Amino acid sequence: MLNIGLLATEAGGAAAEGFEAGWLTRHVWLIPLLPVVSFVVTLFFGKRFKGGGAWFGVSMMGLALLLSTALGVEWMGRGHVGIEEGQPPAVAATYRGTASGDQEHQVQQVIEEAERTGEPKASIPGHGEEGEEHALPAGRFSLPAAESGGEGPAGEPHAVEVRPYHEAEAGWFHIGPIEVGFGFHIDGFAVIMLFTVSFISFLVHLFSTEYLRDDRRRTHYFASLGLFTAGMLLMVSSSTSLQLLLGWEIMGLCSFLLIGHWWEESKNSDAALKAFFTTRTGDVGLLVGLSILFFGAGQTFNIAKINQQAITGEIPRSWLVAAAVALFIACIGKSAQFPLHTWLPDAMAGPTPASALIHAATMVVAGVYMVGRFYPVFFSAFRIANNALGFNIIALIGGITIIIAGLLAFVQQDIKKVLAYSTVSQLGYMVMGLGVGAWTGAIFHLFTHAFFKALLFMGAGSISHACWHSFDMRDFGGLRKHMPKTFVTFMIGTVALMGLPPLAGFWSKDEILLGAWTNGYRGTFFLVGCVGAALTCAYMTRVVYKTFWGEYKGPQTPDAIEHASHAAHGHHDAHDDAVENQAPALVGASAYQEGAKASADPGVKAAAHGTVQSERGPHDDEASHTADDHGDSAHAGAPLGGYPHESPWPITVPLIVLAVMSVVAGIINAPFFGLQFTHFSAIEPIVAAGVPEPSFSGVVAVISTLGALAGLGLAVAWWRGMRFGLDGLTRRNGLAGAGYRLLEQKYYLDALYERVIVRGIKGPMASAAYWFNQNVLDGVAHGVSATARRAATFTYDVVDQEVVDGTVNSVGAGATGLGRGFKHMASGKVQQYVAYLIGGAAAGALVIFAITFNRS
Amino acid sequence: MYLNEFLLLSAVLFSCGVYGVLARRNGVLVLMSIELILNAVNINLVAFGAFHGQVDGQVFALFTVAIAAAEVGVGLAIVLLIYRNTRSIDLDQVAQMKG
Amino acid sequence: MLAAFQAPHLDYAALGPEIVLTATLVVAICVDLALDERSKVWVTRITGLGILLATLPIFYLADQGISGEARVMFGGAYVTDTFALVLKALLLISGFVVFLLSFDYIGEGDYYEGEFAYMVLSSLLGMVVMASARDLVTIFVALELLSIPGYLLAGWRKRDQRSNEASLKYYLLGVLASALMLYGMSLIYGFTGSLVLTDIGAKLGGPAGDKPIVAVAIFLVIVGFAFKISAVPFHLWAPDTYEGAPTPVTAFLSVASKTAGFIALLELTFVAFLGRGDVTRPIFWVLAALTMTIGNLTALRQSNVVRLLAYSSVAQAGFILVPFAVATRDEAQEYIGSAVVYLLLYAGMNLGAFAVVIAVARRTRSGAIASYRGLFSYAPGLATTFSVFLLSLAGIPPLAGWYAKFAVIRSLFVDFSVAGAALGIVVAVNTAIAAAYYLQLIREMFFRPAEEGVDVRPRPHPAPLVAALGITLTLTVVLGFIPGVVARLGDLSTIFTG
Amino acid sequence: MAIIDGNVNLDNAVLSVATFAPLAGAAVLGLLPKREEFLVKAWALGTSVFTLLCGLYLVLRFDYGNAGAPQFERSHSWIDVINSNYHVFMDGLSLPLFLLSMVITTLCIIYSWDHWPEPRNPKAFLMLMLILETGMLGSFIAEDLILFFVFFELVLLPMYFMIGVWGGEQRQYASLKFFLFTLFGSALMILSFLALYFKSGGAGLEPTFDIPMLIERGMSDTLVRSTELLIFGGLFMGFAIKVPMFPFHTWLPDAHTQAPTVGSVILAAVLLKLGTYGFIRIAIPILPAAAKEYAPLIAVLATIGIIYGALGCLAQKDMKRLIAFSSVAHMGFVMLGIATLTDYGINAAVFGMVAHGLITGMLFFVAGSVKERFHTLEIRRLGGLLVQAPKLGWILGFCSMASLGLPGLAGFWGEFPAILSTFNPAEGLSVALFRTCMVIASIGTVLAAGYLLWLFQRTAFGTPKEEWATTEVHDVERPEWLAWAPLLAGIVLFGILPGIVFDITDPAVNERVTAAVVAQGK
């Protein structure tokens with residue numbers, strides 16, 4: 001009756017005839033399980049471990065990384081094995097379609113064939129214990145590269161080797177007539193995501209061991225990291241949409257926990273709330289969309305089935321459109337697309353490694369992943385390959401996001417916020433890529449972006465670690481001399497992000513642009529992409545220049561340190577009062593000063609705890625709980641002599657590894673490297689859906705690179721002092737000034753909205769802004785909660801307490817009033833009683849007489 | 001037989017009794033008015049008995065007479081009791097309890 | 001000229017309870033005369049015993065009667081059928097509980113014990129006779145036999161002006177009501193030529209009953225008993241009398257006397273008047289609706305517990321009238337059953353409520369609702385018991401009262417009609433209103449702290465009172481869970497209709 | 001006519017024993033001396049544990065392969081004049097709620113061990129709790145309308161006293177409101193029961209109160225439609241007030257806010273379910289045609305309830321009142337599921353009931369413990385709970401997350417499937433209307449996140465307010481752990497393995513509820 005033996009499912013009966021799934025493919029559940037174990041163990045027993053359970057998490061993630069790498073290798077190898085070993089695949093046909101009209105027919109054939117032969121029913125429905133495996137036979141599909149008119153140079157069709165998927169499902173529960181399964185769907189997309197996520201997560205874990213060494217809630221932090229990773233891994237490997245939702249929401253929870261990790265300050269908890277609330281707003285779309293697809297696809301949560309039916313047109317197109325729009329709303333929320341992007345920069349309130357994780361490989365790419373996963377739905381719904389309108393909502397939102405986020409990045413002083421907007425912008429690329437049909441480009445960009453964005457965030461963390469936990473670029477400068485490793489790796493990340501060849505970003509960005517080019521978006525989204533690339537180069541130049549060039553401008557003496565971190569002190573002390581009876585006096589200004597003196601080696605960190613630790617032992621667990629630190633603000637005493645220092649190995653090693661990846665990740669799909677990425681991109685539903693697969697185009701590459709270089713050149717020139725007569729433009733020219741302010745105020749998305757709603761005053765932007773807010777941005781977290789609270793107060797005070805309650809109460813009052821009236825009847829005088837008696841009798845008699853008299 | 005005349009007489013007596021009960025403040029007079037009502041009933045019963053040629057009506061009337069005597073006896077006792085306690089037989093004075 | 005006197009057939013078994021009661025009455029008077037002041041308590045004991053003894057013939061008869069036929073005497077004027085048996089048992093047991101209540105109440109006050117005992121006994125005798133009376137004369141005699149001692153009992157505390165007032169009001173209105181009733185009876189006799197209910201019933205169904213004046217006559221008879229059951233607008237005596245009379249007497253009046261009134265109404269309605277159901281149904285409909293509603297609403301505003309219970313019992317009468325308001329001849333048994341079920345359950349809970357009032361008054365010497373404040377904190381047992389009765393009166397399951405309410409509501413559906421449905425709504429609304437004032441009392445006892453200066457020491461209660469509480473409490477709780485017993489009794493109570 | 005089931009075996013007996021054991025325990029408790037407090041507490045705990053063991057025995061003996069069929073059935077003549085029987089059985093619909101009631105009562109007694117509301121009177125308090133338990137248990141197994149009614153109402157009194165005697169400042173108002181609302185509803189309900197009874201007779205059939213028999217007789221086919229609608233209307237009022245549905249919900253926030261902690265827990269965890277259970281067990285299967293007519297109304301009211309409850313929450317300044325209002329929203333999801341009249345919807349509803357019982361019960365426990373420590377529940381005055389009592393704070397966070405429907409925790413399985421099912425209501429219902437409701441209801445989930453997180457942020461995050469800065473606050477204590485651990489475990493367990501509930505309820509929903517609806521459509 002119970003499905004407790006859930007995960008112990010083994011492929012019941014024979015696997016598909018075409019090939020045999022490798023051991024890891026069949027046991028892929030191990031990968032998400034490891035971080036779950038890490039989470040549970042760390043949460044409940046972490047405090048008993050040395051280091052608060054951090055190293056347990058690191059090792060679990062290391063293991064997960066190993067497994068997922070092995071899985072990747074197995075996956076890449078398997079397809080070849082299947083075919084080379086000569087087991088004739090049940091369906092191994094090569095379609096060469098030339099006319100796009102034929103294609104749909106062909107695809108249907110493929111699917112039908114596949115269904116007939118490739119789907120062994122390994123389980124009897126209703127027996128939850130048994131698993132169900134689907135594995136589509138391998139086949140070779142060849143599809144026309146560009147459907148949309150053969151304009152591009154990539155019109156030549158080329159053969160793509162399709163990787164079938166492997167699916168293992170166990171019964172989870174029954175509801176209604178269907179059995180909902182819990183299982184894993186392994187195809188190239190899932191494999192590459194598993195790898196990326198475990199890779200980044202492992203490095204983030206490692207990085208955090210140092211970065212949050214003395215954090216008070218280190219254990220919680222690592223537990224959350226574990227759960228977060230588990231959520232993402234579960235999501236990318238899930239076979240059902242329900243499970244996808246599960247992973248999706250777990251991430252939402254963990255982002256809440258991580259962003260709000262230092263919840264003592266309301267700024268942080270506000271940001272956490274905002275993140276959760278905004279993404280949750282988008283989730284409405286997910287709930288609705290999944291429901292539509294569930295019924296549309298004949299009551300199934302199975303993603304593969306939904307995709308198949310979306311391709312074959314079994315789901316009515318109107319349903320598909322509704323579902324696609326709904327799902328895309330979820331993507332807007334989760335992947336921080338315009339106009340729900342505002343939570344993401346705020347989310348920088350969390351610890352930097354967590355930001356790296358959120359922004360590089362998990363949370364924010366979940367939306368993109370989801371769209372990619374359900375791509376056949378979107379593809380059919382919006383007719384992406386063959387769109388008469390010339391645009392669709394996905395590409396549009398993506399494009400807008402690229403530009404507006406890119407512009408915002410220019411006016412940020414906080415290095416993390418620049419990176420945050422950069423993330424938003426890059427996510428815009430991915431979304432736009434999906435919108436223009438460059439599926440491979442989008443997920444490839446997702447893959448490469450993970451490395452260099454993680455690198456940049458961790459680099460920023462490293463810088464901040466060295467500079468008294470400031471993230472303000474005005475405090476930096478000239479750091480290339482002090483932090484060579486960080487500098488070099490950061491530079492690599494920057495160049496990768498800029499999309500300059502031959503680093504990773506180039507290859508993936510190029511594919512997206514190529515898609516836009518070949519799929520008929522040459523005049524619009526291709527252009528947007530190039531402008532975006534130029535913007536990226538420019539603002540990253542700004543960051544690099546402000547951080548690494550020039551002179552160091554940060555505080556240099558302990559006095560200044562104390563001053564700088566004074567604000568942070570106030571509440572720390574309050575904490576210590578409450579926490580575990582440790583003497584708060586020990587942690588204070590004197591602690592910092594003494595610590596600074598006592599610490600002989602600038603490389604050994606955490607001198608700030610000198611006093612406390614010397615009393616209780618430097619590695620005492622208790623001490624690290626007490627000692628007041630919140631990572632970011634607590635290591636303020638570290639740099640001696642007034643200058644920043646290079647970070648220790650747990651920080652630099654991840655940087656170096658990521659730098660290497662940022663260099664090589666792009667190459668794997670380079671034409672000269674044999675397009676190895678097709679192992680992961682040429683997956684069954686995508687190919688079947690007829691998503692075009694353009695081949696490399698030199699023209700596009702040159703144009704995009706030129707665009708990027710233009711941006712870079714201008715920016716470098718600017719920072720070298722060439723002002724082009726633009727200096728002070730914002731002061732001189734009203735329009736430019738307004739533009740600047742617009743950026744500075746983040747398009748007034750947050751600020752104006754709050755001002756208008758909360759204060760109920762019509763601001764200077766008056767009706768236009770009000771209209772904008774009311775109609776366009778109703779989802780923005782603050783606005784909704786303010787309106788809701790207002791409405792709630794009204795409903796509660798007026799409707800509930802007055803009307804509904806009032807009615808009830810007045811009925812009661814009426815009853816007692818009547819009672820009072822009747823009470824007067826009994827006056828106490830006996831003859832009055834007699835009168836009532838006689839009167840009643842007489843009246844009654846008369847009435848009765850009259851009535852009966854009439855009748856008779 | 002003129003039944004209607006008897007009935008009319010009875011009705012008039014009945015009405016007089018009712019009037020007395022309602023209008024008189026004196027307890028004893030109220031008791032007497034009640035006697036009037038009961039006698040109206042008796043006239044009815046006897047008249048109907050005769051009309052039907054039965055003794056039933058007269059038997060009932062006898063019962064009524066007897067019981068009326070008992071009732072009035074009890075009534076007088078109560079009025080006396082009140083008189084002893086309040087030195088008044090004005091029924092309007094007897095109104096301590098109300099509501 | 002006398003026809004040869006033929007002694008009527010006397011069924012001594014059927015007259016058993018009456019004979020035992022009469023004998024007890026005689027013995028009590030004699031004993032009272034013989035004993036000196038200190039031994040007067042024996043009179044009460046003998047009376048109590050007599051009442052218990054009087055139930056024995058009922059059990060014997062029940063054993064015979066359930067399968068056998070009704071025993072008819074005096075040409076149909078006196079009938080012992082299952083209906084009579086059930087209600088006689090009810091009356092006797094109620095009477096016995098009243099005795100338990102008054103045992104110490106009368107003993108502790110400076111009252112006349114012997115007289116009290118046989119006054120109650122005579123009244124009880126009248127009631128028992130009423131249960132068997134099936135002609136107008138017998139009904140009238142029974143009514144007066146049960147009423148006249150009642151007038152005297154109400155004024156039992158003769159030095160107390162309130163008691164005098166209670167007595168006077170009860171008396172005056174009672175006499176007037178019986179006068180109206182008699183007038184109505186005389187008219188009915190005139191138009192049907194018979195005093196026996198079955199004959200009247202037969203005639204009223206025919207052309208003789210078609211005259212308007214007959215309808216008026218029926219109404220007047222009903223008014224006479226409407227007074228007895230304190231139906232609005234003939235209820236005004238009840239609160240004052242209940243308040244002024246000694247509490248055990250009040251209990252007696254509100255339960256036994258009211259039951260007797262309903263017995264007469266049941267007999268009259270279902271045997272004699274249903275031929276003119278078109279007349280009785282509207283009368284009872286209006287009476288029921290008015291009685292429930294006004295009784296309940298007025299009760300909301302009371303500040304004295306006894307008055308509150310008085311109005312509550314007015315309202316309860318309204319509920320009992322519901323089956324009358326929709327009664328038809330075809331399904332007569334359903335309606336009689338509902339009313340009987342209500343009477344049976346009502347007796348237990350209402351007597352219990354008065355028993356608690358007596359017990360509380362022993363401590364606080366007050367009947368004000370305010371004096372019940374915080375009762376739970378110093379007398380949790382009494383408070384809990386009282387709430388059981390009150391909630392039962394409110395009809396809250398699983399206390400017995402729910403089935404009473406259920407039974408009358410159910411009767412509305414037997415022959416579904418619009419009028420019935422309308423009355424159903426009235427009943428539903430009234431149930432909620434009634435709950436409000438019962439809860440008000442509970443609130444005082446449970447939710448509020450006791451006032452300063454209240455004697456909060458535990459105090460023992462006299463055994464008879466405890467016994468009375470025990471009996472009523474047990475019945476109220478147990479019958480709530482197994483209402484089938486009462487339902488069965490109601491179902492068995494068939495009135496002999498010739 | 002009495003149906004006497006000759007097959008009296010141990011299992012059947014245990015079902016009745018489990019139901020009446022608390023009542024018997026309460027009776028014995030009444031005889032124990034009030035001063036022997038330990039004895040009193042131990043006896044009460046022993047009784048509830050015994051009951052729970054009986055329940056567990058039944059859970060073990062339950063035939064899961066046949067969850068839709070009546071099990072442990074027992075029928076004994078009760079009030080034979082009206083053909084009402086003591087007919088009880090357990091099936092997949094009853095089992096989860098039956099067990100939930102037992103568990104919650106036992107945990108409440110454990111929690112109460114050291115937390116007695118003022119005026120302190122453990123004996124009376126525990127007696128009420130045990131009486132309450134019998135009422136709850138009986139309601140979930142009664143298969144006779146009259147029997148159901150008696151148990152349904154049996155619950156009313158103890159709760160009334162619990163609120164009235166041990167409640168907060170406005171306890172008198174709240175308890176009276178609770179009582180009168182419910183009483184009004186049940187008055188209409190009993191009218192409908194009677195109408196069903198009389199209408200079920202005729203054509204050689206004896207009228208009956210027996211629920212399965214009424215379902216079998218297909219009342220929807222024999223009744224005139226207008227009559228049927230009236231009867232359903234009565235049932236609707238009775239159950240909707242208990243649920244409570246908008247706009248009959250106003251008693252709920254008051255009752256919850258004023259009730260003592262344990263009272264709130266029982267009220268939220270079990271009592272509200274009596275209403276929804278009534279819909280599923282009685283109203284819909286007996287009168288499926290009328291249910292279809294009413295379904296749009298129910299759906300709309302449920303949707304309004306979801307939004308309205310959430311808005312109500314956002315306006316609250318008091319933690320407990322906020323949680324109370326959240327019940328309105330959550331029960332809205334349950335009712336929305338029911339309104340679809342589909343397998344999905346009703347399964348979701350049953351799951352929602354269980355989940356809401358666990359989660360909101362837990363939230364009320366936490367609120368009670370916060371109140372005990374800070375003597376206030378005013379959100380403005382609280383803050384930094386995570387600093388002063390981190391475990392308590394995180395439990396609050398956990399429950400908030402569960403309550404807002406986070407997948408992987410129990411709340412999700414009541415919420416998402418309900419939304420899902422609304423997309424595709426039963427045949428014959430307005431698709432457009434239901435889909436609109438679906439979208440609005442899903443917005444409700446966002447609002448839920450809003451108010452719960454806002455609550456959590458304001459109370460648990462940040463630093464303690466000045467007035468509590470020096471207060472010694474103890475973290476979760478042993479009785480609290482003992483009482484809470486099963487609930488917390490349940491929330492996770494049901495969240496991960498929803499099949500535990502769905503697999504039991506699904507056959508029952510199919511066979512006992514939707515079968516009637518589907519048959520009606522043909």
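Model, not experiment: these values are computed from the prediction. Chain letters run A, B, ... following the sequence lines, proteins first, then strands; residues in each count from 1.
- Against chain B, no residue from residues 214-224 of chain C qualifies, as none has a non-hydrogen atom under 4.5 angstrom away.
- For the pair Lys203(C) and Ile200(C), the minimum side-chain heavy-atom distance is 4.5 Å or more.
- Judged by distance alone, with hydrogens and angles left aside, the side-chain atoms of Gln58(B) form no donor-acceptor pair with the main-chain N or O of Gly49(B) at under 3.5 Å.
- Contacts between residues 26-38 of chain B and chain C, counted as heavy-atom pairs separated by less than 4.5 Å, involve Val30(B), Leu31(B), Ile34(B), Ile37(B), Leu38(B).
- The closest donor-acceptor contact from the side chain of Thr298(C) to the backbone of Ile294(C) lies under 3.5 Å.
- Side-chain contact between Phe48(B) and Asp56(B) is absent, with no heavy atoms from C-beta onward closer than 4.5 Å.
- Ion pair Asp240(C)/Arg162(C) not flagged as a salt bridge, since none of the NZ, NE, NH1 or NH2 atoms sits closer than 4.0 Å to an Asp/Glu carboxylate oxygen.
- In this structure, the side chain of Ser123(C) does not engage the main chain of Met119(C) through any donor-acceptor pair within 3.5 Å.
- Within the 6.0 Å centre-distance limit, the rings of His52(B) and Tyr189(C) are counted as a close aromatic pair.
- Within residues 9-17 of chain B, the residues having any heavy atom closer than 4.5 Å to a heavy atom of chain C are Ser10(B), Ala11(B), Phe14(B), listed by residue number.
- For chain C, the option among Gly53(B), Ala40(B), Gly57(B) with the highest count of heavy-atom pairs below 4.5 Å is Gly57(B).
- In terms of modelled atom types and a separation under 3.5 Å, the side chain of Ser313(C) and the main chain of Ala310(C) share a donor-acceptor contact.
- For Asn39(B) (side chain) and Asn42(B) (main-chain N/O), no donor-acceptor pair under 3.5 Å exists by modelled atom type.
- For residues 167-182 of chain C, heavy-atom neighbours of chain B at less than 4.5 Å comprise Ser167(C), Leu168(C), Lys169(C), Tyr171(C), Leu172(C), Val175(C), Leu176(C), Ser178(C), Ala179(C), Leu180(C), Leu182(C), sorted by residue number.
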Item checked: Worked check of side-chain contact (heavy atoms from CB on, under 4.5 Å) between Met130(C) and Leu146(C) -> CA-CA 9 Å; Met130(C) 180 70 91; Leu146(C) 75 91; 4.1 Å; yes

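- Contacts between Glu144(C) and chain B at a heavy-atom distance below 4.5 Å involve the side chain alone, from C-beta outward.
- Val65(B) is not listed as a side-chain neighbour of Phe60(B), based on a closest heavy-atom distance of 4.5 Å or more.
- Asp199(C) and Ser194(C) get closest at one heavy-atom pair: CB-OG, 3.1 Å.
- Using a 4.5 Å cut-off between heavy atoms, Leu145(C) makes no contact with chain B at all.
- Cation-pi geometry between Arg307(C) and Tyr311(C) is not met: the NZ or CZ atom fails to fall both under 6.0 Å from the ring centre and inside 45° of the normal.
- Judged purely by distance below 3.5 Å, without hydrogens or angles, the side chains of Asn296(C) and Tyr437(C) pair a donor atom with an acceptor atom.
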